[in-house]
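Scroll down for the structure; my scribbles are underneath it.
Worth saying up front: this structure is predicted, and the values here are computed from it rather than measured. Heavy-atom basis, side chains included; hydrogens, waters and symmetry copies ignored. So you know, we letter chains A, B, ... as the sequences are listed, proteins then strands, and number each from 1.
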Number of protein chains: 2
Amino acid sequence: MRQPTSDKENFRNTDGRIARGEATRQRVLDAAERCFASDGFEAVTIRQIARTAEVTLGVVSFHGGSKEDLFKTVLARRVATLDDLRKAALAEVRARGEMTIRDVVDAYLTPYLDIASRGDPQWRAYAQFIARVASNDDYFPEVRELYDPTARIFIAEFQRLRPGASAEALATVLTLTVASMLSIVASRARIAGLSGSDAIDQPMGYRAMLIDFCTGGIEMVLPSD
Amino acid sequence: MRQPTSDKENFRNTDGRIARGEATRQRVLDAAERCFASDGFEAVTIRQIARTAEVTLGVVSFHGGSKEDLFKTVLARRVATLDDLRKAALAEVRARGEMTIRDVVDAYLTPYLDIASRGDPQWRAYAQFIARVASNDDYFPEVRELYDPTARIFIAEFQRLRPGASAEALATVLTLTVASMLSIVASRARIAGLSGSDAIDQPMGYRAMLIDFCTGGIEMVLPSD
DNA sequence: AAACTATCTGAACGTCCGTATAAAAAGTCA
DNA sequence: TGACTTTTTATACGGACGTTCAGATAGTTT
């Protein structure tokens with residue numbers, strides 16, 4: 001993989017324009033994101049990524065390194081943004097005073113549904129990419145570690161609201177909430193098939209039902225006192 | 001793939017013993033089941049299945065056909081058994097008289113948790129295999145059709161209990177229930193990591209929490225009247 | 001312009017893949 | 001036993017894979 005330029009600012013030329021190589025690098029990562037999202041890690045080929053990015057084969061390695069490097073980079077690239085949205089949502093709820101289970105669930109789910117419904121197709125691809133990665137426990141162990149810190153913050157909130165809950169119960173309800181959330185993005189076709197009607201066009205369209213489901217579920221699992 | 005024997009009983013010799021080839025065929029399918037369960041379709045190689053089954057390469061094709069044939073056969077082989085367990089559980093609840101959301105949820109979830117916790121490692125592998133397949137919408141379209149008939153039966157039960165619910169809401173809560181169920185089998189390592197303690201050894205150990213979660217969630221989404 | 005670095009191209013490498021098949025072996029049955 | 005079928009072996013094929021790299025090109029700095 002290309003090494004960071006040594007003695008000057010990393011991604012900028014001296015005149016401040018984005019370096020030519022950095023633009024290509026983003027094209028490669030965007031292409032990889034879309035490919036991984038729609039086909040999964042094993043099924044994607046470097047050549048497919050190159051074709052999608054409209055670059056030649058060697059460029060993918062040059063900017064993205066190995067296939068596994070690419071995968072990790074794509075995942076990590078947007079993780080901070082999503083985390084920040086969730087933390088901001090939580091802070092906003094906290095500032096409003098009295099908190100409920102529903103508020104915490106909302107703060108966790110809505111940012112993800114939001115990016116999955118965004119106009120920007122690249123963010124949608126990332127949302128699908130997460131859904132794919134997170135539902136396969138064993139893609140790469142370090143994938144987990146990227147999202148666990150934020151997960152722990154939300155677990156702590158649930159614990160504040162339900163002091164009597166066991167650690168297993170708290171971890172379980174968060175895991176079930178995440179699974180439910182991801183399935184909305186991953187399985188809209190199935191919902192459409194089972195309901196006999198068209199799928200709701202945006203994940204955000206399921207927001208109310210999803211929040212209801214998770215809130216009701218958590219309140220049933222975690223004893224009120 | 002081997003053609004069914006023409007003029008005599010399919011899997012038996014004239015003396016009633018199981019035909020030699022049929023035993024091998026089951027070994028191949030068992031091996032494929034374990035491989036697909038742990039690595040997913042794309043990552044599995046025919047050679048790996050052959051090694052696992054302790055047969056040579058050609059035997060896998062001879063008894064299992066193409067890789068896709070193998071995949072479908074493995075999936076279909078046990079579908080009827082699981083469906084029957086669910087229908088039996090539902091019938092039993094129905095026979096007891098008054099039904100609740102919780103009863104229907106229980107009838108759907110418990111047979112799956114049960115086979116995932118069974119001593120038989122082959123059934124456990126199948127449970128993991130399902131978790132993997134179902135969380136990737138696009139493995140093969142016909143996969144869905146295998147489980148949809150039973151899903152519709154349970155949706156109909158929910159509809160009987162909540163006549164006012166919309167088709168979308170019914171399909172959504174079943175999808176979320178399935179996603180939650182599968183995540184218990186697929187993500188036990190994550191629960192352990194988040195809770196700081198060891199994972200509960202059997203999926204059945206999560207039964208109470210899972211049923212609570214789904215019941216609470218469904219009751220929240222589907223208006224009581 | 002010359003020296004230098006960053007980026008890109010095109011071709012190649014060795015490996016493993018899924019599949020096919022001829023021939024050997026094992027089993028069955030008259 | 002000998003004819004016949006079923007099953008297994010061993011090997012091969014063409015293709016696609018991930019990765020590498022020498023050399024061409026473009027851009028920057030002196």
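- No hydrogens or angles considered: nothing links the side chains of B:Thr81 and B:Asp84 as a donor-acceptor pair under 3.5 Å.
- In this structure, A:Asp69 atom CG and D:dG18 atom P are separated by 14 Å, rounded to whole Å.
- For A:Arg47, the side-chain atoms get nearest to D:dT19 when compared with the rest of C:dT9, D:dT19, C:dT7.
- Residue B:Leu57 contributes atom CG, which lies 8 Å from atom C1' of C:dT19 at whole-angstrom precision.
- The distance from atom CZ of A:Phe62 to atom C1' of D:dT25 is 13 Å, rounded to the nearest whole Å.
- When the C1' atom of C:dA11 is taken as reference, atom CD1 of A:Ile46 falls 17 Å away, rounded to whole Å.
- Using a 4.5 Å cut-off on side-chain heavy atoms (C-beta onward), B:Leu82 and B:Ile130 make contact.
- Remark: C1' of D:dC17 and CD1 of A:Ile49 are 13 Å apart, rounded to the nearest angstrom.
- Distance A:Phe71 CZ to D:dG18 P: 14 Å, rounded to the nearest Å.
- Inspection of the B:Arg34 and B:Gln122 side chains reveals an N or O donor paired with an N or O acceptor under 3.5 Å.
- Remark: P of C:dC17 and CD of B:Glu68 are 19 Å apart, rounded to the nearest angstrom.
- Closest contact between the side chain of B:Ser66 and the listed nucleotides D:dT19, D:dT8, C:dT19 involves C:dT19.
- Within the 4.0 Å cut-off from OP1 or OP2 of C:dA6, not a single side-chain nitrogen or oxygen of A:His63 is found.
- An OP1 or OP2 oxygen of C:dC17 is reached within less than 4.0 angstrom by a side-chain nitrogen or oxygen of B:Thr45.
- Distance from the side chain of B:Ser61 is smallest for C:dT19 among the nucleotides D:dT19, C:dT19, C:dC8.
- The phosphate of D:dT8 has OP1 or OP2 within less than 4.0 Å of a side-chain N or O from B:Thr24.
- In this structure, the CD atom of B:Glu22 is 21 Å from the P atom of D:dT5, given to the nearest Å.
- Residue B:Val60 is classed as having no contact, given no heavy-atom separation below 4.0 Å to the nucleic acid.
- Both A:Gly58 and A:Ala43 sit near DNA chain D, but only A:Ala43 has its closest nucleotide nearer the 5' end.
- For the pairing with A:Asp30, the salt bridge (Lys or Arg N to Asp or Glu O under 4.0 Å) check across A:Arg25, A:Arg124, A:Arg78 returns one residue only, A:Arg78.
- Here the rule is side-chain contact (heavy atoms from CB on, under 4.5 Å) with B:Cys214, and of B:Leu109, B:Leu176, B:Asp106 only B:Leu109 fits it.
- Positionally, the nearest nucleotide of DNA chain C for A:Val59 lies more toward the 5' end than for the other of B:Lys67 and A:Val59.
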